[in-house]
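Beneath this line is the structure, given in structure tokens, with notes to follow.
Proteins come first, then strands; the chains are lettered A, B, ... in the order of their sequence lines, and each starts at number 1. Both backbone and side-chain heavy atoms feed into the values below; hydrogens, waters and symmetry mates do not.
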There are 2 protein chains.
Amino acid sequence: MSRAEKAAAERPTLAAVARGAGVSASTASLAFSGAGPVSPATRERVLAVAEELGYGGPDPRARSLRRGRSGIVGAVIESSLSDAFRDPVNVAMLDGLADVTGPADNSLLLLTETTPAQSRLIDAPLDAVVLFGCSLRLDESVAVVRRRGMPVVSIEARPMDGVLDIGLDNVEASRTLARHLRELGHRRVAVVALELGPTRELGRITDERVAAGTTHTALQRLAGVREVFPGAGGVVTAGSWTSEGHRAGMLLLDVPPADRPTAIVAQSDLLASGVIAAAAELGLAVPAELSVVGFDGIRLDDPRAADLTTMRQPAVEKGRAAGRALLDLLAGVPAESQTFTSVFHPGCTTAPPREAGV
Amino acid sequence: MSRAEKAAAERPTLAAVARGAGVSASTASLAFSGAGPVSPATRERVLAVAEELGYGGPDPRARSLRRGRSGIVGAVIESSLSDAFRDPVNVAMLDGLADVTGPADNSLLLLTETTPAQSRLIDAPLDAVVLFGCSLRLDESVAVVRRRGMPVVSIEARPMDGVLDIGLDNVEASRTLARHLRELGHRRVAVVALELGPTRELGRITDERVAAGTTHTALQRLAGVREVFPGAGGVVTAGSWTSEGHRAGMLLLDVPPADRPTAIVAQSDLLASGVIAAAAELGLAVPAELSVVGFDGIRLDDPRAADLTTMRQPAVEKGRAAGRALLDLLAGVPAESQTFTSVFHPGCTTAPPREAGV
DNA sequence: TTGTAGGCGTTATCAA
DNA sequence: TTGATAACGCCTACAA
């Protein structure tokens, strides 16, 4: 028996407190939960004995078995925490989620879609689950959770049976950006895409990678652009980070001028920021020599990308909506998928191409 | 009875599976946990019946009561998630923590030090707790947790009884930076401090605010600077964000040149980045007209602050150390507080003051 | 207002 | 290798 176990074994229980106070366990329970009538006198006596014995209140483990609820919502993210939280959009969504679940006495358990058959998803005492931009093991995760009968909410995932999704108008929003560029006169447009899955490797957008792609958001945003610029190519990145945008930008821009796109559609503001940094390094003026658009509408630290042309998406609201849906589901109230809308923000990183109509 | 409750009530239990397979509950349990000898035949039979009944494996709630372990570690942060995660240092520490706890089958529950008497800290099924830069309700949180007999690890908190702390050489590191500035010839030096507590309000550093300060890290870093520049003044911010650094910078720099500091010690790289942005706005060249140092050693997106003179701290390692300490404590192995060391990184944001020896 | 009884779903111990 | 038994600590009808 380890020291910790011994200490735990020695902790007083509600029964011990009740005994000490000369009342029954049920009365003591009421004294703590306030879920029933207890005379002030007995309550105080119980509390006093608890204090004396160093009893810290009902054990949440026992309580959650009895009640059938743990008060814990699993927030599943695909990658490592630092990868995911590097993008303010994810943090904003998480914050929105916590904003709603917290006051309802639910906390968030951080889970990553790790290899061994979603082990934590299986053995953590969860009441419900939110899937944050998961793609790789999406089906597997959903299967595990559904089998347990837990409500599942996804954020920007492809539609799945029995999963309520909080979506975004990715196709339409990307189309809007693409149209904006076309109207300015751009014809040579390249995309810098978010990770497409299943691998996270920077490289050219190819039909193969698109066909094998698992990340709904990236695929949708690409589709939106291609509605306006059919067959538009570009680069797939490993994720929504400035450094990846920079690498992608170098790949696309460090070429003979004739091969260079006149505009780049980055699938996130962070990527756009990296692209703009790459352009600066190559001595390309934005927007005079290169137009760049992003996606998300976050505030960027890099002054060169400060007023980016982008689509603003309601990230915090999406998180809140996911939280509300979860609470409804948990309460047995029917809830439905919903889609949020992005708003076009014209910044100063787009302009007509130097030679219109190349 | 809500729909969710009804569904839960209908879920098969281990006992039901055992009955279906014609074995005892204990045998069925072994078939799932693999914690004992079961003949392959029976195991398969049990698993088959489970599959058929749609049984998703042992209920974690019951398991955690029985085992006395939930596999959940509480990560307590003081502010909102988005405030905390805006600083990559916090994300890195969390990542390091998850790095260690994850493989040991422990997940992280995100908790904020909210008002109502640490409610979630009390009623969430936690095995242990990590305190991340908490200050306001630190004592209260610790009291709650200790009473439950849970191991507690703090990160850069002031020393507390029964709390293992993962520290950083904040005083020494800050002194190093201050000395560096003094050796360059600076005499008029201002500090841009992290939030000092108990309020989060931008304003001048005053004796009162310092005396009332609760944030260990900020106080230590200030003390380190003051060892070299006694009585150094400056600005307290609301937190480690670029925007706060910018505001603080404007406050300190947008004054007659004679009143202007020749160097600013920002207590984080993010703050430093904001200060540099403010300097740029005011047309002050860094480092020619103003030296700026930061703290942390994170990579910054703003190219003007790209190569900041700063102290690099091992944030991920700190998180890992906290995780290891926690696991030790949980296993009953004695563990001790430890302090990490920062490394001076000379960047290109410091230089001798324009007129040495003002 | 308080007490009694039973069980939430598992797993550990021990005996067979 | 399997099974019976007894908790784990609490909560909630229901009865007193």
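- One distance of note links CG of A:L109 with OG of A:S70; it measures 9.0 Å at 0.5 Å rounding.
- The nearest whole Å value for the distance from the CZ atom in B:R69 to the C1' atom in C:dA12 is 16 Å.
- If you check residues 54-64 of chain A against DNA chain D, the residues with a heavy atom closer than 4.0 Å are A:Y55, A:P58, A:D59, A:A62, A:R63, listed by number.
- A salt bridge does not link B:R137 to B:E78: none of the charged side-chain nitrogens sits closer than 4.0 Å to a carboxylate oxygen.
- C:dT2 atom P lies 19 Å from atom CZ of A:R19, rounded to whole Å.
- We find that CZ of B:R67 is positioned 22 Å from P of D:dA6, with the value rounded to whole Å.
- In this structure, a donor-acceptor pair under 3.5 Å is present between the side chains of B:S82 and A:D95.
- Using a 4.0 Å heavy-atom distance criterion, B:L65 is classed as a base contact.
- Dashed line: the shortest gap from a side-chain N or O of A:T13 to OP1 or OP2 of D:dG9 is not under 4.0 Å.
- Distances shown here put every side-chain N or O of A:S26 at or beyond 4.0 Å from the OP1 or OP2 atom of D:dC11.
- Nearest heavy atom pair, residue A:S80 against residue A:T112, reads CA-CG2, 4.5 Å.
- In this structure, CZ of A:R11 is placed 20 Å from C1' of D:dA7, rounded to the nearest angstrom.
- Checked against D:dT1, D:dG9, D:dA6, the side chain of B:R66 finds its nearest nucleotide in D:dA6.
- If you take CG of B:L30 and P of C:dT11, they are 9 Å apart, rounded to a whole angstrom.
- Between the P atom of D:dG9 and the CG atom of B:D123 lies a distance of 18 Å, rounded to the nearest Å.
- The side chain of A:S24 places an N or O atom within less than 4.0 Å of a non-bridging phosphate oxygen (OP1 or OP2) of C:dG3.
- Going from atom OG of A:S107 over to atom CG of B:L111 covers 5.0 Å, rounded to the nearest 0.5 Å.
- D:dT12 atom P lies 15 Å from atom CZ of A:F32, rounded to whole Å.
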Original post:
For B:S26 and B:S29, what are the C-alpha separation, side-chain angles and deciding distance, and is it a side chain to side chain donor-acceptor pair (under 3.5 Å)?
Top reply: CA-CA 5 Å; B:S26 25; B:S29 172; over 6 Å; no

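- Using a 4.5 Å heavy-atom threshold, the side chains of B:V152 and B:L131 count as touching.
- At a threshold of 4.0 angstrom between heavy atoms, the contacts of A:S33 with the nucleic acid are absent.
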